Structure formats: C-alpha cells, structure tokens
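Taking it in order: structure first as structure tokens, then the write-up.
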Amino acid sequence: MSGQVLSHYERQEALLVRRDIKLFSGSANPTLANNIAQHLGVELGGMKIANFSDGEIYVQIQESVRGDDVFIVQPVCHPVNYHLMELLIMLDAFKRASARQITAVVPYYAYARQDRKAHGREAISAKLVAELLTTAGADRVVAMDLHTPQIQGFFDILVDHLFAAPVMVEYLKAKKLEDIVVVSPDVGGVTRARAIAKKLDAPIAIIDKRRTGHNQAEVMNVIGDVNGKTAIMVDDLVDTAGTLVAGAKMLKECGAKEVYAACSHGILSGPAVDRVRNSDLRELIITDSISLPPEKHLDNIVQLSVAPLLGEAIIRIHEDASVSTLFD
C-alpha cells in the first residue's frame with residue numbers, strides 16, 4: 001500500500017492550487033479527517049455544527065462550495081443515530097449550496113448487519129440508510145470493509161468499496177510472525193480470511209459458531225489445524241468482543257501458540273474493552289475508521305491509520321482516475 005501512495009505524492013502540489021476540491025468533517029471522527037487533509041495537502045473546510053436545546057442538529061457551511069468537488073468524512077459510529085442524522089443534514093446543506101459533486105466518505109457504515117430479513121417482520125436497515133444518503137444529496141459514497149459486499153447493490157449511485165487489508169497485512173508482515181494460520185470467526189467470513197491468507201502465504205481455519213441472538217454467539221469447534229501455530233483471526237468489526245474472545249480462548253485450547261485479531265472497525269461497545277483486556281489475545285489490531293477514546297486504549301490494542309488509503313481514493317476520484325487498484 002505504501003508504494004501506491006508514494007507514487008502519487010508528486011501530484012499533491014497540483015492539488016494545492018486547485019480550488020474545486022473541498023474536504024469537510026462531521027463530528028464523528030475529526031482526527032481521521034485531519035489526517036486525510038494532511039495527506040492531501042489541503043485544509044479542512046469551515047463548518048459550523050451545533051445543537052438546539054431539544055437536540056436538533058444545526059449545520060452551516062462556512063465558505064462557498066458552488067461548483068466544487070466536496071468530500072465529507074463521517075463514519076456512522078457511536079452515537080450512531082446522531083452521526084447518521086448529522087451526515088444527512090450536511091449532505092442536504094451542500095446540495096443546497098450548489099456543490100458540483102458530493103462524496104460521502106463513510107469509513108464505517110452502520111446498520112450494515114441488517115442487510116436482509118432473517119426473521120419475519122424485520123426491517124432491512126442497510127438498504128434504508130443507502131436510500132437516505134442518496135435522497136439527502138450524496139452523488140457518490142466511499143465505504144470501507146462493509147459487513148457484506150452486496151450492500152453496494154442497495155445504492156443507485158456510485159460506491160467505492162475499499163478494504164483495510166493492505167494496511168493490516170503490511171503491519172503483520174513487519175512483525176515477521178512464524179507459522180501463521182489465518183482464522184475466520186465464522187463461515188461467512190471465509191472469503192475475507194482467504195484473501196488475507198493469500199497475501200500472507202498462510203493456510204486458513206474456520207471457527208464454527210452458532211448465533212443465539214444479537215451480540216451473542218456460541219463457539220462450537222475449530223475446523224482446520226491451529227496446533228503450534230500463530231493464529232490471526234480476521235473480521236470486519238469487533239463490537240462487544242464476545243465472539244472474538246471466545247474464539248481466541250478456543251484457539252488456545254486447540255494448541256495455538258499465540259492469537260492475534262485483525263478487525264477493520266473497532267466499535268468496542270459495552271463490555272468489549274474489559275473482555276479484550278482479560279482475553280487470550282496477544283494483540284487486537286483495528287483501524288482508525290472509528291475514533292478510539294483514551295479510556296479504550298489498552299496495551300494489546302493496536303490502531304492503524306487508513307487516512308493514506310482514504311486520501312488516495314479521494315485524489316483518484318477527484319482526478320477521474322482509476323480507483324479499482326485500491327480495492328485489492
């Protein structure tokens with residue numbers, strides 16, 4: 001990944017003199033937005049976000065964006081509904097301010113786990129969010145590690161689906177781990193595990209689990225050989241960490257030397273931090289798609305930045321260049 005980013009640094013001087021690209025941030029993860037801005041060599045645009053006494057959100061753009069290429073960085077993370085509504089209002093504001101093209105950069109796409117009707121009388125909330133973003137004014141969406149890739153089909157606008165795998169693989173290779181086996185925490189994640197295993201030249205294993213309810217799963221057994229190996233569990237997100245911690249325990253019981261976990265989105269809600277702190281995990285590797293508050297920093301939690309990856313996508317979208325090479 002680093003080579004791909006460096007190959008485009010020479011174009012950043014041209015970006016500085018262009019007046020038609022504007023980068024803005026909501027309140028969900030301003031640190032990530034600032035890091036992206038530094039990568040691009042631009043400053044974040046002026047934005048006023050406030051609340052009325054009853055909780056209503058007020059947004060005002062503090063500069064002209066008429067005819068500009070606008071990018072809004074806003075992961076839909078905790079508090080999910082607030083940040084989603086904030087994003088929708090920002091999109092509406094830019095649409096009414098006559099921006100030429102509005103791209104919603106949504107590193108973490110909430111409601112993605114509700115992508116189908118698993119039981120009767122359920123909502124397909126992932127589809128609803130896609131329609132809301134489109135109606136509010138998004139012309140394009142940049143997402144990263146969607147819970148299921150088919151969510152792209154819920155949109156009638158362009159979606160660039162990026163993956164954090166190159167960032168994580170680069171980190172794991174630098175650690176020079178030996179006897180690696182990449183582990184999928186469930187059958188549904190096999191494709192993701194296989195892709196990372198190929199980059200690490202490692203075999204895969206699968207944890208067989210049974211989901212008993214929302215944020216509840218029972219680990220059954222391990223399919224594959226993990227005895228004497230360094231196990232790396234890979235997933236798109238870690239929420240309450242119950243499945244992850246149970247999986248790590250079973251891998252150790254099956255003879256794994258060490259257990260690492262690489263999850264793109266570190267939601268870490270409820271008891272997650274305590275579970276990770278007291279778990280068999282040597283390291284939990286996450287990205288900065290979601291801000292990690294100081295109280296959630298642990299010695300065994302490593303946060304990697306995806307700002308260069310997202311910044312490179314923004315450069316290519318703005319220049320009408322190919323984005324597809326970033327999908328690998």
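Every heavy atom of this structure was used, including side-chain atoms; hydrogens, water molecules and symmetry mates were not. What you see is a predicted model; the values in this text were computed from it and never measured.
- For Tyr109 (side chain) and Ala130 (main-chain N/O), a donor-acceptor pair under 3.5 Å exists by modelled atom type.
- Distance OG/Ser264 to CZ/Phe163: 9.5 Å, rounded to 0.5 Å.
- Screening residues 135-158 for salt bridge (Lys or Arg N to Asp or Glu O under 4.0 Å) gives Arg140-Asp160 as the qualifying pairs, with residues at least two apart or on separate chains.
- One N or O on the side chain of Gln74 and one on the backbone of Ala28 form a donor-acceptor pair closer than 3.5 Å.
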Pairs under 3.5 angstrom only: tabulate donor-acceptor contacts from the side chains of residues 297-308 to other protein residues two or more places apart or in another chain.
| from | atom 1 | to | atom 2 | distance (Å) |
| --- | --- | --- | --- | --- |
| His297 | NE2 | Leu292 | O | 3.1 |
| Asn300 | ND2 | Val276 | O | 3.1 |
| Gln303 | NE2 | Thr287 | O | 3.3 |
| Gln303 | NE2 | Ile290 | O | 3.2 |
| Ser305 | OG | Asp288 | OD2 | 3.0 |
| Ser305 | OG | Ala307 | N | 3.2 |

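- Here the closest heavy-atom approach between residue Val245 and residue Arg275 is recorded as CG2-O, 3.7 Å.
- Side-chain contact between Glu86 and Ser27 is present, with at least one heavy-atom pair separated by less than 4.5 Å.
- Annotation: salt bridge (Lys or Arg N to Asp or Glu O under 4.0 Å) contacts involving residues 37-51, sequence neighbours excluded, are absent.
- In terms of hydrophobic clustering, with Ile, Leu, Val, Met, Phe, Trp and Tyr side chains grouped at heavy-atom distances under 4.5 Å, Leu244 and Val259 are assigned to a common cluster.
- Residues Val70 and Val141 share a single hydrophobic cluster, defined by chaining ILVMFWY side chains whose heavy atoms lie under 4.5 Å apart.
- For Asp320, the side-chain contact (heavy atoms from CB on, under 4.5 Å) criterion is met by no residue, not counting sequence neighbours.
- From Thr31, atom OG1 reaches atom CD1 of Ile36 across 11.0 Å, with rounding to the nearest 0.5 Å.
- Considering every non-hydrogen atom in both Asn227 and Gly255, the closest pair reads OD1-CA, 3.5 Å.
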Run the numbers on Ile232 and Leu200 for side-chain contact (heavy atoms from CB on, under 4.5 Å), then give the verdict.
CA-CA 11 Å; Ile232 303 174; Leu200 293 174; 4.2 Å; yes
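- For the atom pair OH (Tyr260) and CG (Leu177), the distance works out to 5.0 Å, reported to the nearest 0.5 Å.
- Side chain of Lys252 to main chain of Lys257: a donor-acceptor pair is present (N/O by atom type, distance under 3.5 Å, no hydrogens or angles).
- At least one side-chain heavy atom of Met144 sits under 4.5 Å from a side-chain heavy atom of Leu309.
- The heavy-atom pair separating Leu40 from Gly311 by the smallest distance is CD2-O, 3.4 Å.
- To the nearest 0.5 Å, atom OG of residue Ser184 and atom CD1 of residue Ile207 are 8.0 Å apart.
- Taking every heavy atom of both residues into account, His161 and Pro149 meet most closely at CE1-CA, 4.3 Å.
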Apply side-chain contact (heavy atoms from CB on, under 4.5 Å) to Ile196 and Lys199, showing your working.
CA-CA 5 Å; Ile196 292 182; Lys199 294 178 185 295; 5.6 Å; no
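- The side-chain heavy atoms of Cys263 and Leu284, taken from C-beta on, include a pair separated by under 4.5 Å.
- Atom CE of Met85 sits in a sparse spot, with 12 or fewer heavy atoms from other residues, nucleotides or ligands closer than 6.0 Å.
- Of the possible polar contacts, none joining the Arg100 side chain to the Asp69 backbone as a donor-acceptor pair under 3.5 Å is found.
- Linking Ile, Leu, Val, Met, Phe, Trp and Tyr residues whenever their side-chain heavy atoms come within less than 4.5 Å places Met250 and Val238 in a single cluster.
- Here the SG atom belonging to Cys77 is positioned 12.5 Å from the CG atom belonging to Leu237, to the nearest 0.5 angstrom.
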Evaluate the side-chain contact (heavy atoms from CB on, under 4.5 Å) criterion for residues Lys198 and Arg194: first the C-alpha distance (whole Å), next the side-chain angles of each, then the deciding distance (0.1 Å), finally the verdict.
CA-CA 6 Å; Lys198 182 178 180 180; Arg194 187 180 291 117; 5.7 Å; no
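- Between Arg116 and Thr148, every side-chain heavy-atom pair lies at or beyond the 4.5 Å cut-off.
- Between Lys22 and Asp68 a salt bridge is recorded (basic side-chain N to carboxylate O distance below 4.0 Å).
- Listed by chain and number, the residues in a ring pair (Phe, Tyr, Trp, His ring centres under 6.0 Å) with Phe24 are Phe94 (sequence neighbours excluded).
- For CD of Gln62, the number of neighbouring non-hydrogen atoms (other residues, nucleotides, ligands) closer than 6.0 Å is greater than 12.
- Residues Leu133 and Leu87 form a side-chain contact, since some pair of their non-hydrogen atoms from C-beta on lies under 4.5 Å apart.
- Proximity of Ile285 to Tyr171: side-chain heavy atoms (C-beta onward) are separated by under 4.5 Å at one or more points.
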Run the side-chain contact (heavy atoms from CB on, under 4.5 Å) test on Ile72 and Leu91 for me, step by step, so that the C-alpha distance in whole Å, both residues' side-chain angles and the decisive distance to 0.1 Å come before the verdict.
CA-CA 8 Å; Ile72 309 169; Leu91 288 168; 3.7 Å; yes
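- Residues Ile151 and Leu158 do not share a hydrophobic cluster, clusters being chains of Ile/Leu/Val/Met/Phe/Trp/Tyr side chains in contact below 4.5 Å.
- Between Ile49 and Ser25, the closest heavy-atom pair is CD1-O, 4.3 Å.
- Under a cut-off of 6.0 angstrom, the local environment of NZ in Lys249 is sparse, with at most 12 non-hydrogen atoms contributed by other residues, nucleotides or ligands.
- Using a 4.0 Å cut-off between charged nitrogen and carboxylate oxygen, Asp179 and Lys229 do not count as a salt-bridge pair.
- Take His147 and apply the ring pair (Phe, Tyr, Trp, His ring centres under 6.0 Å) test, not counting sequence neighbours, and it matches no residue.
- The minimum heavy-atom distance between Ile317 and Gln101, with the atom names listed, is CG2-NE2, 4.0 Å.
- The structure places CD1 of Ile102 at 8.0 Å from NZ of Lys95, a figure rounded to the nearest 0.5 Å.
- Two residues are said to be in side-chain contact when any heavy atoms from C-beta on lie closer than 4.5 Å; Leu310 and Leu32 meet this criterion.
- Taken together through direct or relayed side-chain contacts under 4.5 Å among Ile, Leu, Val, Met, Phe, Trp and Tyr, Ile157 and Met90 form part of one hydrophobic cluster.
- Between Pro75 and the choices Pro107, Ser289, Ser291, the side chain to side chain contact (heavy atoms under 4.5 Å, CB included) rule is met once, by Pro107.
- Here the side chains of Val80 and Tyr111 are in contact, with some heavy-atom distance below 4.5 Å.
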